[in-house]
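Here's the structure, in structure tokens; my notes come after.
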Amino acid sequence: MGRSASGRWDLGLDDMNFPTTVKIVEVGPRDGLQNESMVVSTEDKVRFINMLTATGLSVVEVTSFVSPKWVPQLADAAEVFRQIDLREGVRYPVLTPNSRGLERALESGAKEVAFFTAASETFNKKNLNMSVRESLAEIREMAATGKSKGLWMRGYVSTAFYCPYQGRVAPDKIRPIVEELLDFGIDEISIGDTIGWATPGEVTELTEALRDTLPLEKWAYHFHDTRGTALANVLMAMSHGIHIFDSSAGGLGGCPFAPGAAGNLATEDFVYMLNGMGIATGVDMDKLVDASRFIGSKLGRALLGKYLGSHRQ
Ligand code: HMG
Ligand code: MG
């Protein structure tokens, strides 16, 4: 037992197919702030995003061009996007639910976009006011525009494990949606445990169901941490070679249309675990803690991330 020269534990980790590098997609400014009852000022959102990109994170999801009636917290999406510092080599995806959203994103100068649909009909209707089929038709149209403009495109499949309205979602529901998204030319697909109920066995089951469809370089998982299983789920997914994961600073997050969903996996907790395992992320932990503390102070509450809560000044 002990560590190898590379810093990796030699207790079987090298035999477990774990990646040597993980790409973190930071979703705090979007998944996090969409779910806060308090509206954070544009200036503070911009500062938070700039602090996050200064940590070395290579992808930061900035905001959503959704209906301001549905998500008033992100009504300033265009101003936020225009005001942030765009760093070389960092991707800044924005969510767009429909062609109107994509138009607004393009007008603001976005070069990376994220579309979203779900494996559960009821959730999709509550979240997008569309059936799954209707949302895929919308995505097909947006993806065609995106391709013609050279955008980098992400696609989310929400409620891939559990739906807050319909319960357990069978793994074979996900594959046809993923196939369609790949067919539309989507560059990366994030499989979402929207309400944070998944457990590692279910992650293996779904991963096996998608293995022949979704190439590893396009495959992300998005775990919410409602019941404390997100890190265990990530570990299981990494043992299958998956190396792109979404997480949020301080464990912010949730979806206003998914009752009971708590925050995403906290980025600090994730980076802490990966550092300990000798898996590279390129993220500066101290700067990350500063960014989370900053947004926590603006929200007027302690964030839920475990590392953050136990970290001394
Ligand atoms: P709708 O009410 O059916 O919209 O909402 P509509 O098409 O009937 O249009 C109604 C009005 O809204 C029109 O204006 C449109 O122009 C306007 P009016 O003629 O009345 O003046 N409108 C818009 N305005 C600005 N931007 C737009 C837009 N679209 C229409 N994009 C809609 C349909 C899709 C707009 C709505 O349902 C919506 O915005 N939903 C987004 C909900 C959301 O943001 N959910 C959270 C993100 S998803 C998530 O968190 C899950 C994820 O994290 C992964 C996981 O955890 O699994 C990604
Ligand atoms: Mg989410």
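Position 1 is the first residue of the sequence, and the numbers go up from there.
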- Message: Applying a strict under-4.5 Å side-chain criterion to I, L, V, M, F, W and Y, I'd like to know whether F245 and W152 cluster together.
- Response: no
- Check the pair E138, E134 against side-chain contact (heavy atoms from CB on, under 4.5 Å), reporting the backbone distance first and the verdict last. CA-CA 6 Å; E138 192 74 38; E134 284 166 340; over 6 Å; no
- Item | Side chain N233, main chain A198, donor-acceptor under 3.5 Å | yes
- Approximate separation, where rounding is to 0.5 Å, of I189 CD1 and I177 CD1: 10.0 Å
- Task: Give a yes or no answer on whether the side chain of D193 reaches the backbone of W197 with a donor-acceptor pair at less than 3.5 Å.
- Result: yes
- Should the pair R154-D246 be classified as a salt bridge under the 4.0 Å nitrogen-to-oxygen rule? yes
- Task: Apply side-chain contact (heavy atoms from CB on, under 4.5 Å) to the pair V22 and F270, showing each step before the final yes or no.
- Result: CA-CA 10 Å; V22 155; F270 188 24; 3.8 Å; yes
- Message: Strictly distance-based, threshold 3.5 Å: is any side-chain N or O of S108 a donor or acceptor partner for the main-chain N or O of R82?
- Response: no
- Taking all atoms of both residues into account, what is the closest heavy-atom pair of P29 and V60, and its distance? CG-CG1, 3.9 Å
- Does atom CZ of R104 have more than 12 heavy-atom neighbours from other groups under 6.0 Å away? yes
- Query: Between D269 (side chain) and G305 (backbone), is there a donor-acceptor pair under 3.5 Å?
  - Reply: no
- Item | Separation between CG of L182 and CG of D187, rounded to the nearest 0.5 Å | 10.0 Å
- Can we say E36 and K45 salt-bridge, meaning some charged N sits less than 4.0 Å from an Asp/Glu carboxylate O? no
- Message: A side-chain contact here means heavy atoms from C-beta on lying under 4.5 Å apart; do I186 and M153 qualify?
- Response: yes
- Item | Donor on one side chain, acceptor on other, E202 and T199, under 3.5 Å | yes
- Message: I want to check something: taking the side chain as every heavy atom from C-beta on, are P93 and V59 in contact at a cut-off of under 4.5 Å?
- Response: yes
- Mind checking the CG-OH spacing from L231 to Y272? Nearest 0.5 Å is all I need. 11.0 Å
- Is there a side-chain contact between V203 and Y221 (heavy atoms, below 4.5 Å)? yes
- Note on the structure: Minimal heavy-atom distance between L95 and S64, with the atoms involved, is CB-OG, 3.3 Å
- Face-on cation placement of K126 at Y165 ring, 6.0 Å and 45° thresholds: yes
- Any T117 side-chain heavy atom under 4.5 Å of E180 side chain: no
- Message: Quick check for you: to the nearest 0.5 Å, what is the distance between L206 atom CG and T204 atom OG1?
- Response: 9.5 Å
- Message: As an exercise, state the distance from CE of M273 to CD1 of I279, rounded to the nearest 0.5 Å.
- Response: 6.5 Å
- Using a 4.5 Å cut-off on heavy atoms from C-beta on, say whether the side chain of V169 contacts that of I174. yes
- Query: Are any of the side-chain heavy atoms of E268 and M285 separated by less than 4.5 Å?
  - Reply: yes
- Task: List the steps and the verdict of side-chain contact (heavy atoms from CB on, under 4.5 Å) for L181 and L136.
- Result: CA-CA 8 Å; L181 293 175; L136 283 166; 4.0 Å; yes
- Taking a hydrophobic cluster as the set of Ile, Leu, Val, Met, Phe, Trp and Tyr residues connected by side-chain heavy atoms closer than 4.5 Å, whether directly or through intermediates, do L265 and L304 fall within one such cluster? no
- So F257 and W70, would you call those rings parallel, tilted or perpendicular, with 30° and 60° as cut-offs? tilted
- Query: Is K23 salt-bridged to E188, cutoff N-O under 4.0 Å?
  - Reply: yes
- Query: Of all heavy-atom pairs between I195 and A258, which one has the smallest distance, and what is that distance?
  - Reply: CG2-CB, 3.9 Å
- Query: Which atom names give the shortest non-hydrogen contact between A261 and T194, and what distance separates them?
  - Reply: CB-O, 3.4 Å
- Does the D31 side chain pair with the main chain of G253, one donor and one acceptor, at a distance under 3.5 Å? no
- Whether over 12 other heavy atoms sit under 6.0 Å from E179 CD: yes
- Is there a donor-acceptor pair closer than 3.5 Å between any side-chain N or O of T159 and the backbone N or O of A118? no
- Please examine the side chains of V113 and F65, heavy atoms only from C-beta on, and report whether any two atoms are closer than 4.5 Å. no
- What are the two closest non-hydrogen atoms of P200 and M236, and how far apart are they? O-CG, 3.5 Å
- Query: Is there a side-chain contact between L252 and N264 (heavy atoms, below 4.5 Å)?
  - Reply: no
- Query: In terms of side-chain heavy atoms, does T21 have a donor or acceptor partner in H243 at a distance below 3.5 Å?
  - Reply: no
- cation_pi(R227, Y162) dist<6.0 Å, angle<=45: no
- Under 6.0 Å from the NZ atom of K125, do we count more than 12 heavy atoms belonging to anything else shown? yes
- Donor-acceptor pair, side chain of Q73 and main chain of V40, under 3.5 angstrom: no
- Message: For E121 and S131, which I'm curious about, is there any donor-acceptor pair between the side chains at under 3.5 Å?
- Response: no
- Do side-chain atoms of N50 reach the backbone of D85 as a donor and acceptor pair under 3.5 angstrom? yes
- Exercise: identify the closest heavy-atom pair between F116 and L128: O-CD1, 3.2 Å
- Decide side-chain contact (heavy atoms from CB on, under 4.5 Å) for L151 and L106; before the verdict, give the C-alpha distance in whole Å, the side-chain angles of both, and the deciding distance to 0.1 Å. CA-CA 9 Å; L151 302 182; L106 287 168; 3.8 Å; yes
- Query: I244 and L216: same hydrophobic cluster, using ILVMFWY side-chain contacts below 4.5 Å?
  - Reply: yes
- Indicate, with yes or no, if F48 and L86 share a hydrophobic cluster defined by side-chain heavy-atom contacts under 4.5 Å among Ile, Leu, Val, Met, Phe, Trp and Tyr. yes
- Message: I need the T53 OG1 to R87 CZ distance, nearest 0.5 Å.
- Response: 4.5 Å
- Message: Between D76 (side chain only) and E79 (backbone N and O only), is there a donor and an acceptor less than 3.5 Å apart?
- Response: no
- Message: Checking the side chain of T145 only, and the main-chain atoms of E141 only, is there a donor and an acceptor separated by less than 3.5 Å?
- Response: yes
- Message: If the test is side chain to side chain donor-acceptor pair (under 3.5 Å), which one of S248, S247, S292 qualifies with T267?
- Response: S247
